[in-house]
Structure formats: C-alpha cells, structure tokens
Amino acid sequence: MPILSGTARIAGIIGWPVAHSRSPRLHGFWLERHGVDGAYVPLAIRPDHFATAVRGLAQAGFAGANVTIPHKLSAFTLCDSVDETAHRAGAVNTLLFQDGRITGSNTDGWGFVANLRAHGVAPDRGPALILGAGGAARAVAAALQAEGASVTIANRTPERASQLAADLPGLAVVSWEAVGDALRDHALLINTTSLGMTGHTPLDLDLAPAPDGLAVADIVYVPLETPLLAAARARGLRTVDGLGMLLYQAIPGFRAWFGVTPEVDDALRRFVAADLLPA
Ligand code: ATR
C-alpha cells in the first residue's frame, strides 16, 4: 500500500457482500503500476443503506465507485444523470462524483466488446446468440446491438427473455430448448448464465452442430476455462473467457477517477488470475 498524500484520489467497489470482488486487486495493480496518489477500497454496503452511503461517499470526497451485486439497479435510480450505456442496460456499474453531482455509466457491455476485440473477435462478425436474460445479458446484448450485430437471446424462463426483447428493440428470442438448433445460424455464442461456474451445474449443450466459424464466449471466469469453453476448444472453435471482460470494464472508471488510462495486458491478467485458482 503506497503512502497517500492529503490530496489522494479515493474510489472503491460497493457490493453486498463485497469480499469476493477482485476489483480492489485489479485497481490496486494499476495504481501501483502508474504511481497514482490514490486508493481503491472494498465498500460492503447493505442494500437498505445504499443511497445514504453513496451520498455520504460523494460528500466525503470520493472520486467515484464501482457498483456490483445487488446494487446496480439502485445505482441507476440514484444517479442525477446516466449515460447512454447505462440507459440501455437499465443498470449502473460505475459512479462518478463531480461538482456535487452523481453520474452513472455501465461499462460491462463495453468491457465485453473490448475483450472480444482483444481476442480478435469482431463484435459484428455475424449473428450473436446470448444465453441468459439477467443484468449481464442485458448489458452484453445492448453493447452488441450498438456495434451493429443482430442479437438473439434464449433463457430458461421465457418471460424474462420476452421482457428483455421488449426493452431492446430488434432483439430476437428463441426458446431455451431450441438453442442447439439455433447454433447453426450464429457466428457468436455467449453464455451469461451462471451455468458452468464453480459449484454450479455445467451448461448442457452439444456443440457438434455448430458451424466451424462459431466463436464461443463465456462471462463466467471461475473457472477460467468453463466446461462450455473446454468443449468449444475441443471442437476447434475460437473461445473467449470471462476474465477479460472484468479487466476491460474497469478501464473507464479508473481513467475517470485517477486521470490515467490503464492497459489490460498479460501481467495484469496473470496477477488477477492468480487469485482465482482454487486454494
Ligand atoms: P446476472 O444479473 O448476473 O446476469 P441473474 O439476473 O441472476 O444474474 O441471471 C442469471 C441467469 O442465469 C438467468 O438468465 C437465469 O435464468 P432464469 O431467468 O431462468 O432464472 C440463468 N440460470 C441460472 N441457473 C440456470 C439453470 N440451472 N439453467 C438455465 N439457466 C439458468
């Protein structure tokens, strides 16, 4: 931990719980690398204290904060203004406190797309099929649409898929049972469900019918190679793991709070990944 001055810039991550978050490690790496006079701290804030705590952080001179589960919708409601990405996602993951105002953005979708590009996968390479209809699916779908991709979603609970399609014009829906068949018509498959995460059941999907050009992305990053990604790799398909999205989504906040544009590189990836290995 560096010695801070009286004008150090302070930001953090607000969650409940927050102990699992890798964001302090990630931002701490960049702070040290760039010699920033600043700190990024975990902020465990209960849902019923969220609004009071955020206003207090702003009044206490924090530069801003990231917001994670379960606060992303509350953050959206609380902000004095939100940008287009937050508006489309209906949720906020990055807060900026400036001139007495709280502004919000959502960098999850941007992070997903930036990570795709870093893996040589163009977001508009062809039709995308998203599995899941939660907050992550919404952010990813909105970002891919903004890149000009045609996007279809499938979700176990069809009502949530229909709701998302109603909120994002142009979004198509297929049934959860039809995902295997739908693979044939897609160039990009993205898992945004919790299936495949350590402690959860794997996604049960046969990739045999997938076209050779299908790229497969997972936003789950524990484990780094999910059963879905392992199957895609075995099938010879291009894969994109979920860690990169976590790393990239952090860039806009760091830049806004600390005035330096940080980079995602192998050293950062290794540093954060080292904390994901089973104990
Ligand atoms: P987040 O905001 O992180 O995306 P979420 O809102 O809890 O999280 O969404 C989790 C997603 O994983 C949902 O699409 C959920 O499907 P339902 O809407 O049907 O609940 C999906 N999911 C979780 N467990 C699943 C399972 N066993 N089979 C299929 N989908 C599952």
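Order of appearance sets the numbers: ligands from 1, and atoms from 1 within every ligand.
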Participant: Which residue supplies the protein heavy atom nearest to atom 31 (C) of ligand 1, what is that atom called, and how far is it?
Facilitator: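 Looking at atom 31 (C) of ligand 1, the protein heavy atom closest to it is R156 CZ, 3.8 Å.
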Participant: For atom 11 (C) of ligand 1, what's the nearest protein heavy-atom neighbour? Residue, atom name and distance, please.
Facilitator: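 Sorting protein heavy atoms by distance from atom 11 (C) of ligand 1 puts T193 CA, 4.0 Å first.
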Participant: What is the nearest protein non-hydrogen atom to atom 7 (O) of ligand 1, stated with its residue, atom name and distance?
Facilitator: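 Result: R160 NH1, 4.7 Å.
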Participant: Short question: side chain of N66, backbone of T94 - any donor-acceptor pair under 3.5 Å?
Facilitator: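 No; judged by distance alone, with no hydrogens or angles, the pair does not exist.
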Participant: Quick check on contacts: which atoms of ligand 1 are under 4.0 angstrom from a heavy atom of G135?
Facilitator: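 Listed by number with element: 1 (P), 2 (O), 4 (O), 6 (O).
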Participant: Give the atom numbers and elements of ligand 1 that come within less than 4.0 Å of a heavy atom of W176.
Facilitator: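 With W176 as reference, the close atoms of ligand 1 come out as 29 (C).
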Participant: Give the single entry among G196, S194, P202, G134 that approaches atom 9 (O) of ligand 1 most closely by any heavy atom.
Facilitator: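 Ranked by closest heavy atom to atom 9 (O) of ligand 1, first place is G134.
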Participant: Out of all atoms in ligand 1, which are within 4.0 Å of some heavy atom of G132? Include the element for each.
Facilitator: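 Taking each heavy atom of G132 in turn, ligand 1 has 14 (O) under 4.0 Å.
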Participant: Could you check whether D212 pairs with R238 (Lys NZ or Arg NE/NH1/NH2 to Asp/Glu carboxylate O, under 4.0 Å)?
Facilitator: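 The answer is no: the pair does not qualify as a salt bridge.
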Participant: Any donor and acceptor pair, going by atom type alone, linking the side chain of D83 with main-chain N or O of S105 inside 3.5 Å?
Facilitator: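 Such a contact is absent between D83 side chain and S105 backbone.
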Participant: Any idea how W30 and F254 line up, ring-wise: parallel (<30°), tilted (30 to 60°), or perpendicular (>60°)?
Facilitator: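 Correct class here is perpendicular.
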Participant: Would you check if the distance from the ring center of F97 to the ring center of F62 is below 6.0 Å?
Facilitator: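 Ring centroids of F97 and F62 are no less than 6.0 Å from each other.
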Participant: Residue-level breakdown please: for L195 versus ligand 1, do any non-hydrogen atoms fall below 4.0 Å on the side chain, on the backbone, on both, or on neither?
Facilitator: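 The answer is the side chain of L195.
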Participant: Run the numbers on E147 and R117 for salt bridge (charged side-chain N to carboxylate O under 4.0 Å, His left out), then give the verdict.
Facilitator: CA-CA 12 Å; E147 294 291 336; R117 287 211 170 90; 2.8 Å; yes
Participant: If I apply the N/O under 3.5 Å rule, does A136 come out as touching ligand 1?
Facilitator: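 Yes, A136 has an N/O under 3.5 Å of an N/O on ligand 1.
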Participant: Considering only the protein, which heavy-atom contact is closest to atom 15 (C) of ligand 1, and what is its distance?
Facilitator: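 For atom 15 (C) of ligand 1, the nearest protein heavy atom is N155 OD1, 4.0 Å.
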Participant: Sub-3.5 Å donor-acceptor pair from the side chain of T193 to the main-chain atoms of L195, do we have one?
Facilitator: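 Yes: the side chain of T193 pairs with the backbone of L195.
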Participant: Among all protein heavy atoms, pick out the one at the shortest distance from atom 19 (O) of ligand 1; state its residue, atom name and that distance to 0.1 Å.
Facilitator: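 For atom 19 (O) of ligand 1, the nearest protein heavy atom is T157 OG1, 2.5 Å.
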Participant: Take H34 and F258 through the test ring-ring contact (aromatic ring centres under 6.0 Å, His included) and record every step on the way to the result.
Facilitator: CA-CA 10 Å; H34 294 287; F258 301 117; over 10 Å; no
